[in-house]
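Lettering follows sequence order; numbering is per chain, from 1. Worth knowing before you read on, the calculation uses all heavy atoms, side chains too, and leaves out hydrogens, waters and symmetry mates.
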Protein chains: 2
Amino acid sequence: MGIVRRTKSLDLLMSQFADSHDAISAVALIESLKKDVNKTTVYRLLDRLEDDGVLHSFMSSDGIKWYAKCKGCSSSGHADVHPHFQCTDCGKVDCLDLEVTIPSIPGRKINSSQILIQGTCDNCLN
Amino acid sequence: MGIVRRTKSLDLLMSQFADSHDAISAVALIESLKKDVNKTTVYRLLDRLEDDGVLHSFMSSDGIKWYAKCKGCSSSGHADVHPHFQCTDCGKVDCLDLEVTIPSIPGRKINSSQILIQGTCDNCLN
DNA sequence: GCTATATTTGCAACACAGTTGCAATAAGAG
DNA sequence: CTCTTATTGCAACTGTGTTGCAAATATAGC
Ligand SMILES: [Mn+2]
Ligand SMILES: [Mn+2]
Ligand SMILES: [Zn+2]
Ligand SMILES: [Zn+2]
(Lines give C-alpha, C1' and ligand atoms only; values in the text may rest on other atoms or scores of the structure.)
(Ligands and ions follow the chains in the order given, each with its own letter.)
Protein backbone atom coordinates (compact mmCIF):
# COMPACT_ATOMS: atom_id res chain seq x y z
CA MET A 1 0.00 0.00 0.00
CA GLY A 2 2.21 2.79 -1.23
CA ILE A 3 1.61 6.26 -2.58
CA VAL A 4 -0.51 6.34 -5.74
CA ARG A 5 -1.70 9.92 -6.09
CA ARG A 6 0.18 13.16 -5.87
CA THR A 7 -1.82 15.17 -3.36
CA LYS A 8 -1.41 18.50 -1.66
CA SER A 9 -0.93 16.77 1.72
CA LEU A 10 1.85 14.68 0.28
CA ASP A 11 3.69 17.71 -1.08
CA LEU A 12 3.34 19.56 2.21
CA LEU A 13 4.67 16.58 4.13
CA MET A 14 7.57 15.95 1.78
CA SER A 15 8.54 19.62 1.83
CA GLN A 16 9.30 19.19 5.53
CA PHE A 17 12.08 16.83 4.56
CA ALA A 18 13.37 18.94 1.71
CA ASP A 19 15.98 21.13 3.31
CA SER A 20 17.93 18.72 5.50
CA HIS A 21 18.71 15.11 6.13
CA ASP A 22 17.79 15.34 9.81
CA ALA A 23 15.14 13.06 11.20
CA ILE A 24 11.77 14.55 12.17
CA SER A 25 9.45 13.03 14.72
CA ALA A 26 5.88 12.15 13.78
CA VAL A 27 4.77 14.39 16.63
CA ALA A 28 6.72 17.36 15.26
CA LEU A 29 5.39 16.76 11.75
CA ILE A 30 1.82 16.71 13.02
CA GLU A 31 2.44 19.92 14.91
CA SER A 32 4.00 21.81 12.02
CA LEU A 33 1.41 20.62 9.51
CA LYS A 34 -1.64 20.93 11.73
CA LYS A 35 -3.07 23.98 9.94
CA ASP A 36 -3.15 22.08 6.66
CA VAL A 37 -3.14 18.34 7.21
CA ASN A 38 -5.06 16.12 9.62
CA LYS A 39 -2.91 14.01 11.93
CA THR A 40 -4.47 10.78 10.67
CA THR A 41 -3.39 11.74 7.18
CA VAL A 42 0.13 12.48 8.36
CA TYR A 43 0.42 9.05 9.97
CA ARG A 44 -1.00 7.36 6.91
CA LEU A 45 1.32 9.20 4.52
CA LEU A 46 4.32 8.35 6.69
CA ASP A 47 3.36 4.67 6.62
CA ARG A 48 3.02 4.64 2.87
CA LEU A 49 6.21 6.59 2.27
CA GLU A 50 8.04 4.07 4.41
CA ASP A 51 6.53 1.21 2.41
CA ASP A 52 7.71 2.91 -0.75
CA GLY A 53 11.30 3.23 0.50
CA VAL A 54 11.10 7.03 0.47
CA LEU A 55 11.35 7.43 4.24
CA HIS A 56 12.61 5.17 7.00
CA SER A 57 11.58 5.22 10.64
CA PHE A 58 12.94 4.38 14.05
CA MET A 59 11.93 4.80 17.70
CA SER A 60 13.74 7.00 20.14
CA SER A 61 14.15 5.77 23.69
CA ASP A 62 11.16 7.81 24.86
CA GLY A 63 8.94 5.81 22.53
CA ILE A 64 8.28 8.33 19.81
CA LYS A 65 8.69 7.62 16.15
CA TRP A 66 11.10 9.45 13.87
CA TYR A 67 11.30 9.62 10.11
CA ALA A 68 14.09 10.52 7.73
CA LYS A 69 14.72 10.31 4.02
CA CYS A 70 16.11 7.12 2.56
CA LYS A 71 19.02 6.88 0.16
CA GLY A 72 18.73 4.11 -2.36
CA CYS A 73 15.76 2.24 -0.90
CA SER A 74 12.66 1.13 -2.76
CA SER A 75 9.36 -0.62 -2.15
CA SER A 76 11.20 -3.93 -2.39
CA GLY A 77 13.28 -3.20 0.68
CA HIS A 78 15.18 -0.83 2.90
CA ALA A 79 18.86 -1.05 2.06
CA ASP A 80 19.95 2.11 3.82
CA VAL A 81 20.76 0.84 7.31
CA HIS A 82 22.64 3.08 9.71
CA PRO A 83 22.74 4.26 13.32
CA HIS A 84 20.91 7.34 14.57
CA PHE A 85 22.18 10.03 16.86
CA GLN A 86 20.06 11.98 19.33
CA CYS A 87 21.46 15.09 20.98
CA THR A 88 20.30 15.12 24.57
CA ASP A 89 20.86 18.89 24.73
CA CYS A 90 18.86 20.21 21.78
CA GLY A 91 16.87 17.10 20.93
CA LYS A 92 18.00 17.01 17.30
CA VAL A 93 18.14 13.55 15.79
CA ASP A 94 20.02 12.59 12.66
CA CYS A 95 21.19 9.72 10.55
CA LEU A 96 24.82 8.71 10.84
CA ASP A 97 26.75 7.73 7.78
CA LEU A 98 28.59 5.11 9.74
CA GLU A 99 29.06 1.38 9.53
CA VAL A 100 28.70 -0.51 12.80
CA THR A 101 29.50 -4.19 12.66
CA ILE A 102 27.30 -6.49 14.72
CA PRO A 103 29.22 -9.68 15.42
CA SER A 104 27.32 -12.83 14.54
CA ILE A 105 25.78 -14.65 17.47
CA PRO A 106 26.09 -18.44 17.75
CA GLY A 107 22.74 -20.18 17.32
CA ARG A 108 20.84 -17.08 16.27
CA LYS A 109 19.96 -15.60 12.93
CA ILE A 110 20.20 -11.82 12.76
CA ASN A 111 17.76 -10.07 10.45
CA SER A 112 18.13 -6.44 11.38
CA SER A 113 19.48 -4.13 14.03
CA GLN A 114 18.70 -0.68 15.29
CA ILE A 115 21.32 1.49 16.91
CA LEU A 116 20.45 4.70 18.71
CA ILE A 117 23.36 6.72 20.02
CA GLN A 118 22.84 9.50 22.53
CA GLY A 119 25.16 12.35 23.29
CA THR A 120 25.89 15.96 22.42
CA CYS A 121 25.85 17.24 18.86
CA ASP A 122 28.55 19.47 17.40
CA ASN A 123 26.28 22.48 17.56
CA CYS A 124 25.71 22.01 21.30
CA LEU A 125 29.33 21.19 22.12
CA ASN A 126 30.55 24.72 21.36
CA MET B 1 13.93 7.83 44.74
CA GLY B 2 14.83 4.20 45.12
CA ILE B 3 13.36 1.28 47.04
CA VAL B 4 13.17 1.85 50.80
CA ARG B 5 10.77 -0.74 52.13
CA ARG B 6 10.54 -4.45 51.50
CA THR B 7 6.93 -4.94 50.48
CA LYS B 8 4.86 -7.83 49.23
CA SER B 9 4.48 -6.15 45.82
CA LEU B 10 8.22 -5.81 45.53
CA ASP B 11 8.79 -9.49 46.29
CA LEU B 12 6.15 -10.55 43.80
CA LEU B 13 7.67 -8.36 41.10
CA MET B 14 11.22 -9.49 41.75
CA SER B 15 10.20 -13.13 41.74
CA GLN B 16 9.26 -12.67 38.08
CA PHE B 17 12.92 -12.05 37.34
CA ALA B 18 14.20 -14.85 39.54
CA ASP B 19 14.40 -17.80 37.22
CA SER B 20 15.98 -16.39 34.08
CA HIS B 21 17.97 -13.53 32.68
CA ASP B 22 15.48 -12.86 29.90
CA ALA B 23 13.90 -9.46 29.62
CA ILE B 24 10.22 -9.04 30.51
CA SER B 25 8.02 -6.30 29.14
CA ALA B 26 6.21 -3.95 31.50
CA VAL B 27 2.97 -5.01 29.81
CA ALA B 28 3.68 -8.71 30.50
CA LEU B 29 4.59 -7.98 34.11
CA ILE B 30 1.35 -6.08 34.64
CA GLU B 31 -0.57 -8.96 33.12
CA SER B 32 1.04 -11.69 35.17
CA LEU B 33 0.82 -9.72 38.42
CA LYS B 34 -2.63 -8.27 37.92
CA LYS B 35 -4.32 -10.45 40.54
CA ASP B 36 -1.97 -9.15 43.22
CA VAL B 37 -0.46 -5.81 42.22
CA ASN B 38 -1.96 -2.70 40.67
CA LYS B 39 -0.41 -1.61 37.39
CA THR B 40 0.51 1.80 38.78
CA THR B 41 2.49 0.04 41.48
CA VAL B 42 4.25 -2.13 38.92
CA TYR B 43 5.33 0.92 36.92
CA ARG B 44 6.49 2.70 40.06
CA LEU B 45 8.46 -0.28 41.32
CA LEU B 46 10.12 -0.71 37.93
CA ASP B 47 11.17 2.95 37.95
CA ARG B 48 12.65 2.68 41.41
CA LEU B 49 14.41 -0.60 40.71
CA GLU B 50 15.98 0.97 37.66
CA ASP B 51 17.13 3.95 39.74
CA ASP B 52 18.69 1.51 42.17
CA GLY B 53 20.63 -0.33 39.48
CA VAL B 54 18.71 -3.55 40.09
CA LEU B 55 16.96 -3.56 36.72
CA HIS B 56 17.69 -1.86 33.42
CA SER B 57 15.21 -0.99 30.71
CA PHE B 58 15.03 -0.50 26.97
CA MET B 59 12.39 0.04 24.31
CA SER B 60 11.56 -2.44 21.61
CA SER B 61 10.79 -1.14 18.15
CA ASP B 62 7.06 -1.39 18.77
CA GLY B 63 7.40 1.15 21.56
CA ILE B 64 6.99 -1.05 24.59
CA LYS B 65 9.34 -1.05 27.53
CA TRP B 66 11.34 -4.06 28.66
CA TYR B 67 13.16 -4.75 31.89
CA ALA B 68 15.94 -7.14 32.80
CA LYS B 69 18.23 -7.72 35.75
CA CYS B 70 21.45 -5.76 35.96
CA LYS B 71 24.85 -7.23 36.69
CA GLY B 72 27.13 -4.96 38.68
CA CYS B 73 25.10 -1.76 38.52
CA SER B 74 24.15 0.48 41.44
CA SER B 75 22.23 3.63 42.18
CA SER B 76 25.29 5.60 41.12
CA GLY B 77 25.07 4.35 37.56
CA HIS B 78 24.34 1.64 35.05
CA ALA B 79 27.59 0.00 34.05
CA ASP B 80 26.11 -3.06 32.43
CA VAL B 81 25.70 -1.94 28.81
CA HIS B 82 24.94 -4.51 26.13
CA PRO B 83 22.77 -5.15 23.09
CA HIS B 84 19.36 -6.80 23.25
CA PHE B 85 17.98 -9.47 20.99
CA GLN B 86 14.33 -9.88 20.05
CA CYS B 87 13.15 -13.05 18.36
CA THR B 88 10.58 -12.08 15.75
CA ASP B 89 9.16 -15.62 15.83
CA CYS B 90 8.41 -16.19 19.51
CA GLY B 91 8.79 -12.63 20.79
CA LYS B 92 11.36 -13.52 23.43
CA VAL B 93 13.81 -10.75 24.26
CA ASP B 94 17.12 -11.20 26.00
CA CYS B 95 20.32 -9.50 26.95
CA LEU B 96 23.38 -10.32 24.88
CA ASP B 97 26.72 -10.75 26.54
CA LEU B 98 28.43 -9.12 23.63
CA GLU B 99 30.62 -6.12 23.12
CA VAL B 100 29.73 -3.89 20.17
CA THR B 101 32.16 -1.09 19.45
CA ILE B 102 30.65 2.20 18.39
CA PRO B 103 33.27 4.18 16.48
CA SER B 104 33.75 7.71 17.76
CA ILE B 105 32.09 10.41 15.70
CA PRO B 106 34.00 13.61 14.83
CA GLY B 107 32.51 16.64 16.57
CA ARG B 108 30.11 14.71 18.75
CA LYS B 109 30.29 13.41 22.26
CA ILE B 110 28.75 9.97 22.76
CA ASN B 111 27.16 9.30 26.13
CA SER B 112 25.28 6.08 25.60
CA SER B 113 23.98 3.78 22.93
CA GLN B 114 21.18 1.30 22.61
CA ILE B 115 21.36 -1.63 20.26
CA LEU B 116 18.36 -3.78 19.47
CA ILE B 117 18.96 -6.77 17.23
CA GLN B 118 16.09 -8.63 15.64
CA GLY B 119 16.13 -12.13 14.26
CA THR B 120 15.37 -15.72 15.16
CA CYS B 121 16.40 -17.25 18.48
CA ASP B 122 18.07 -20.67 18.79
CA ASN B 123 14.85 -22.19 20.07
CA CYS B 124 12.92 -21.05 16.99
CA LEU B 125 15.64 -21.95 14.49
CA ASN B 126 15.24 -25.70 15.03
C1' DG C 1 -12.68 19.45 -20.47
C1' DC C 2 -15.87 16.01 -18.55
C1' DT C 3 -17.02 11.64 -16.17
C1' DA C 4 -16.40 7.67 -13.62
C1' DT C 5 -13.96 5.43 -10.13
C1' DA C 6 -10.64 4.37 -6.90
C1' DT C 7 -7.69 6.70 -3.74
C1' DT C 8 -7.18 9.91 -0.24
C1' DT C 9 -8.81 12.77 3.39
C1' DG C 10 -10.98 14.60 7.81
C1' DC C 11 -13.41 13.64 11.66
C1' DA C 12 -14.77 11.43 15.76
C1' DA C 13 -14.22 7.80 18.38
C1' DC C 14 -11.16 4.54 19.95
C1' DA C 15 -6.90 1.65 21.74
C1' DC C 16 -3.38 1.28 24.77
C1' DA C 17 1.03 2.30 27.39
C1' DG C 18 2.16 4.92 30.83
C1' DT C 19 1.34 8.95 34.52
C1' DT C 20 -0.75 11.73 38.30
C1' DG C 21 -3.27 13.21 42.54
C1' DC C 22 -4.93 11.73 46.50
C1' DA C 23 -6.74 9.17 50.27
C1' DA C 24 -6.05 4.65 52.50
C1' DT C 25 -2.72 1.21 53.98
C1' DA C 26 1.27 -0.78 55.93
C1' DA C 27 6.55 -1.14 56.81
C1' DG C 28 9.59 -0.70 60.23
C1' DA C 29 12.29 2.55 63.43
C1' DG C 30 12.21 3.63 68.02
C1' DC D 1 2.85 -0.79 70.38
C1' DT D 2 2.91 3.79 68.21
C1' DC D 3 4.13 7.00 64.99
C1' DT D 4 5.95 8.51 60.81
C1' DT D 5 6.58 8.13 56.15
C1' DA D 6 6.88 5.12 52.18
C1' DT D 7 3.91 2.58 49.48
C1' DT D 8 -0.33 1.24 47.41
C1' DG D 9 -4.87 1.24 44.78
C1' DC D 10 -8.00 3.65 42.35
C1' DA D 11 -9.91 6.69 39.05
C1' DA D 12 -9.06 9.92 36.02
C1' DC D 13 -5.93 11.53 32.86
C1' DT D 14 -2.10 12.18 28.97
C1' DG D 15 -0.07 11.32 24.64
C1' DT D 16 0.87 8.64 20.55
C1' DG D 17 -1.00 6.28 17.29
C1' DT D 18 -5.22 3.61 14.91
C1' DT D 19 -9.87 2.65 12.84
C1' DG D 20 -14.40 3.08 10.43
C1' DC D 21 -16.78 5.67 7.53
C1' DA D 22 -18.63 9.26 4.73
C1' DA D 23 -17.06 13.22 1.94
C1' DA D 24 -13.64 15.03 -1.14
C1' DT D 25 -10.43 14.77 -4.91
C1' DA D 26 -6.75 12.93 -8.23
C1' DT D 27 -6.42 11.05 -12.45
C1' DA D 28 -7.29 7.64 -16.28
C1' DG D 29 -10.09 7.17 -20.17
C1' DC D 30 -12.90 9.31 -23.19
MN1 LIG E 1 18.20 7.32 9.28
MN1 LIG F 1 19.82 -6.13 29.11
ZN1 LIG G 1 22.38 19.39 20.04
ZN1 LIG H 1 12.24 -17.35 19.33
Side-chain angles (χ1 to χ4, degrees), chain A residues 1-17 23-68 75 84 86 91 93 114 116, chain B residues 1-17 23-68 75 84 86 91 93 114 116:
Chain A
M1 267 295 126
I3 298 280
V4 176
R5 293 184 183 174
R6 173 90 178 258
T7 64
K8 186 120 194 203
S9 304
L10 175 64
D11 284 347
L12 284 165
L13 175 57
M14 284 311 295
S15 71
Q16 299 283 310
F17 290 96
I24 314 178
S25 71
V27 172
L29 286 165
I30 286 159
E31 173 63 25
S32 50
L33 294 169
K34 73 168 172 230
K35 289 197 323 295
D36 303 302
V37 190
N38 183 271
K39 74 168 177 171
T40 308
T41 303
V42 175
Y43 281 120
R44 288 195 278 225
L45 285 173
L46 291 170
D47 276 355
R48 292 180 213 151
L49 288 163
E50 187 166 17
D51 282 350
D52 286 344
V54 176
L55 300 178
H56 61 278
S57 73
F58 53 96
M59 277 280 168
S60 53
S61 37
D62 52 0
I64 74 168
K65 214 168 176 182
W66 294 76
Y67 287 85
S75 59
H84 294 102
Q86 180 165 37
V93 174
Q114 293 117 60
L116 180 67
Chain B
M1 268 293 127
I3 299 278
V4 177
R5 292 182 183 174
R6 172 89 178 260
T7 64
K8 185 121 196 205
S9 303
L10 175 64
D11 283 347
L12 283 166
L13 175 58
M14 284 312 294
S15 71
Q16 298 284 312
F17 290 97
I24 314 178
S25 71
V27 172
L29 286 165
I30 286 159
E31 173 63 25
S32 50
L33 295 168
K34 74 168 171 229
K35 289 197 321 296
D36 303 302
V37 189
N38 183 272
K39 74 167 177 171
T40 309
T41 303
V42 174
Y43 282 119
R44 289 195 276 225
L45 285 172
L46 291 170
D47 276 356
R48 292 181 213 149
L49 288 163
E50 188 167 17
D51 282 351
D52 288 345
V54 175
L55 299 178
H56 62 278
S57 73
F58 54 95
M59 278 278 169
S60 52
S61 38
D62 53 359
I64 74 166
K65 214 168 177 182
W66 294 76
Y67 287 86
S75 59
H84 295 102
Q86 181 165 38
V93 175
Q114 293 116 62
L116 179 67

Original post:
Nearest 0.5 Å, what's the CG-OG distance between B:L49 and B:S75?
Top reply: 12.0 Å

Original post:
Can you check the A:I30 CD1 to D:dT14 P distance for me, whole Å?
Top reply: 18 Å

Subject >> CE-CZ distance between A:M14 and A:R6, expressed to the nearest 0.5 angstrom >> reply: 10.0 Å

Original post:
Which atoms form the tightest heavy-atom contact between A:M59 and B:S61, and what is the distance?
Top reply: CG-O, 3.4 Å

Original post:
How far does CG of B:L29 sit from CD1 of B:I24, to the nearest 0.5 angstrom?
Top reply: 5.0 Å

**OP:** Drop me the distance from A:L116's CG to A:F58's CZ, to the nearest 0.5 angstrom.
**Re:** 7.0 Å

Original post:
Taking B:E50 for the side chain and B:S57 for the main chain, is one N or O donor matched with an acceptor at less than 3.5 Å?
Top reply: yes

Original post:
Rounding to a whole Å, what distance do you find between A:W66:CH2 and D:dT16:P?
Top reply: 12 Å

Original post:
Looking only at heavy atoms, what is the nearest atom pair of A:G2 and A:R48, with distance?
Top reply: O-CD, 3.7 Å

Original post:
Which is it for A:R44 and A:D47 under the side-chain contact (heavy atoms from CB on, under 4.5 Å) test, yes or no, and what are the steps along the way?
Top reply: CA-CA 5 Å; A:R44 288 195 278 225; A:D47 276 355; 5.6 Å; no

Original post:
If we only count heavy atoms from C-beta on, is the B:L13 to B:T41 side-chain gap below 4.5 Å?
Top reply: no

Original post:
Tell me, which of residues 33-51 of chain B have any heavy atom that sits under 4.0 Å from an atom in DNA chain D?
Top reply: B:D36, B:V37, B:N38, B:T40, B:T41, B:R44, B:L45, B:R48

Subject >> Positional range of nucleotides in DNA chain C within the contact set of chain A, heavy-atom, under 4.0 Å >> reply: C:dA6 to C:dA12

**OP:** Please answer whether the main-chain N or O of A:I3 pairs with a side-chain N or O of A:D52 as donor and acceptor at a distance below 3.5 Å.
**Re:** yes

Subject >> Gap between atoms CE and P, on B:M59 and D:dG15 respectively (whole Å) >> reply: 16 Å

Original post:
Going 5' to 3' along nucleotides 23-30 of chain D, which nucleotides have protein heavy atoms under 4.0 Å from the base (write B), which only from the sugar-phosphate (write S), and which from neither (write -)?
Top reply: --BBS---

